[in-house]
Amino acid sequence: MTEDIGALDLEVYEHDDLEYLKRVIHSLRNYQACALNQLSHKQRSLSLCSLPQKELLLEHKFGDYLHNIMNSIEANQAVLQDILKLAQQQLIKLELEPDRKTFLHDFARLEELFLQIVREWSSEGAPVRQASFEPILQDLKSLYPLSQRPLTKVLIPGSGLSRLAFDVACQTFDCTVNEQSMLNLFTANLILNKCTRIDNYRVYPWIHNLNNKLEAGGTTRPVAFPDVDPTLRPDPFRFQVIPGDFQQFLTRRPDLEGHFDCVLTSFVLDSTHNVMETVEVIGKCLKPGGKWINLGPLNYVYAKYPAEMSLELSWDLLREVILASGFQFVKEEETPRTCPYVSDRNSISSVNFQCLHFIVEKKS
Ligand SMILES: C[S@@+](CC[C@H](N)C(=O)[O-])C[C@H]1O[C@@H](n2cnc3c(N)ncnc32)[C@H](O)[C@@H]1O
């Protein structure tokens with residue numbers, strides 16, 4: 001029997017966080033109802049078709065197509081139910097309103113969650129991880145020889161579903177992850193602590209975007225996860241989770257100022273509202289001489305939301321910010337590296353990002 005890893009300490013949660021937690025829990029519970037509701041909108045589009053057009057579609061099994069999507073939604077809900085069940089065992093008793101609705105953007109987070117599972121924990125995501133995580137792991141291993149690793153404290157902010165962190169801790173580093181999305185933390189918790197074999201679960205990640213499909217049948221193709229057995233890990237396994245906004249990391253845990261030897265950021269710099277603040281907090285978390293390894297694009301995620309604050313710095317400006325924050329460059333790839341995100345092999349479109357890859361050192 002392996003011990004649970006990265007158990008969540010929710011004592012630190014305050015009122016606003018608890019409201020957010022309730023929203024997450026409701027969205028997990030309501031997924032199937034919301035997804036079926038969206039599907040029924042699509043079905044209503046059939047009213048655009050003439051009777052012969054409808055007959056043509058039905059003749060070519062369009063009804064089966066929709067029916068299979070409904071079954072896939074049900075199967076996804078079963079996985080979310082397991083995530084929820086485990087999370088609720090760890091949560092203090094929250095009072096939930098029975099009929100609370102899910103916001104559209106909370107539902108969108110669930111759609112993204114299925115894709116993130118593919119990216120981080122499926123064998124289908126292996127080429128994506130090879131492009132994005134492997135260069136970081138190689139840097140880390142070349143900076144710290146095997147004998148130093150158990151004493152090397154590595155921090156991974158914006159850790160997503162914790163796969164990079166899991167791989168780092170499997171290399172015997174002492175790994176701390178920080179993530180603000182409770183949905184991601186709950187899901188990582190299920191994978192790390194309840195999956196006891198490869199392909200323990202299956203999700204249907206491709207059903208929420210019906211654009212660009214080559215074959216209707218491919219839309220309901222399941223993806224199994226995890227691609228590794230998470231119980232097969234070194235003992236001791238040095239892995240802790242500190243939930244919450246990274247920009248508040250040291251406010252919540254002032255004891256961790258100057259604590260880390262290395263910070264790893266993968267697809268994170270452009271995920272926060274204020275990248276300058278992120279650079280500053282990284283600097284404060286590191287010991288003098290500590291290293292920061294980054295790989296990711298500058299595709300600032302909040303830029304597309306007019307109501308959100310977002311500081312969209314170009315690389316030349318961000319580079320100056322990094323230098324002015326007390327770092328010096330140790331390695332800097334001259335040309336951006338092309339990294340795929342997650343794409344469905346049944347799709348005629350794909351997503352690639354041009355990523356900056358660098359190592360900087362905090363000056364002593
Ligand atoms: C694009 S995802 C990348 C996840 C993972 N690092 C990867 O490479 O697959 C960005 C992650 O950063 C998290 N994140 C964004 N802003 C954050 C913040 N202020 N504090 C902590 N986590 C944050 C998001 O919840 C999300 O999991």
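All ligand and atom numbering here is 1-based and tracks the order in the structure. Just so you know, residue 1 is the first one in the sequence shown, and it goes up from there.
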Pairs of nitrogen or oxygen atoms closer than 3.5 Å, one from [X] and one from ligand 1: do any exist?
X: Phe246; value: yes
X: Gln180; value: yes
X: Tyr341; value: no

[X] near ligand 1, heavy-atom distance under 4.0 Å?
X: Phe249; answer: no
X: His273; answer: no
X: Gly296; answer: no

Which one holds for Asp245 and ligand 1: side chain close, backbone close, both close, or neither close, with close meaning a heavy atom under 4.0 Å?
->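 Under 4.0 Å from ligand 1, Asp245 contributes backbone and side-chain atoms.
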Within reach of ligand 1, part of Glu120 (heavy-atom separation under 4.0 Å) | side chain
Give the ring-plane orientation class for [X] versus [Y], where under 30° counts as parallel, over 60° as perpendicular and anything between as tilted.
X: Phe239; Y: Phe237; result: parallel
X: Tyr31; Y: Phe107; result: parallel
X: Tyr201; Y: Phe225; result: parallel
X: Phe353; Y: Tyr341; result: perpendicular

Does the pair Lys287/Asp261 count as a salt bridge with the N-to-O cut at 4.0 Å?
->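 Asp261 and Lys287: salt-bridged.
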Ligand-side contact atoms (ligand 1) for residue partner [X], heavy atom cut-off under 4.0 Å:
X: Gly244; answer: 20 (N), 21 (C)
X: Gln116; answer: 4 (C), 7 (C), 9 (O)
X: Ser181; answer: 25 (O)

Assess the side chains of [X] and [Y]: does a donor N or O sit below 3.5 Å from an acceptor N or O?
X: Gln116; Y: Glu112; result: no
X: Thr265; Y: Trp292; result: yes
X: Thr278; Y: Thr272; result: yes

In the hydrophobic cluster built from side-chain contacts under 4.5 Å, what are the other members alongside Ile348?
-> Leu214
Where is the nearest protein heavy atom to [atom]: which residue, which atom, and how far?
atom: atom 1 (C) of ligand 1; result: Phe267 O, 3.3 Å
atom: atom 7 (C) of ligand 1; result: Arg119 NH2, 3.5 Å
atom: atom 10 (C) of ligand 1; result: Ser271 OG, 3.3 Å
atom: atom 8 (O) of ligand 1; result: Ser266 OG, 2.6 Å
atom: atom 26 (C) of ligand 1; result: Glu179 OE1, 3.7 Å
atom: atom 11 (C) of ligand 1; result: Gly158 O, 3.7 Å

Per atom 21 (C) of ligand 1, closest listed option by heavy atom (Asn178, Asn299, Ile242) | Asn178
Would you check, one step at a time, whether the test salt bridge (Lys or Arg N to Asp or Glu O under 4.0 Å) holds for Arg221 with Glu124?
-> CA-CA 12 Å; Arg221 181 173 57 82; Glu124 197 162 330; 2.8 Å; yes
If you look only at distance, which donor and acceptor atoms sit under 3.5 Å apart when one is on a side chain in residues 356-364 and the other is two or more places apart or in another chain?
| from | atom 1 | to | atom 2 | distance (Å) |
| --- | --- | --- | --- | --- |
| His357 | ND1 | Glu333 | OE1 | 3.4 |
| His357 | ND1 | Glu333 | OE2 | 2.9 |
| His357 | NE2 | Asp139 | OD2 | 2.6 |
| Glu361 | OE1 | Lys291 | NZ | 3.2 |
| Lys362 | NZ | Gly283 | O | 2.7 |
| Lys362 | NZ | Leu286 | O | 2.7 |

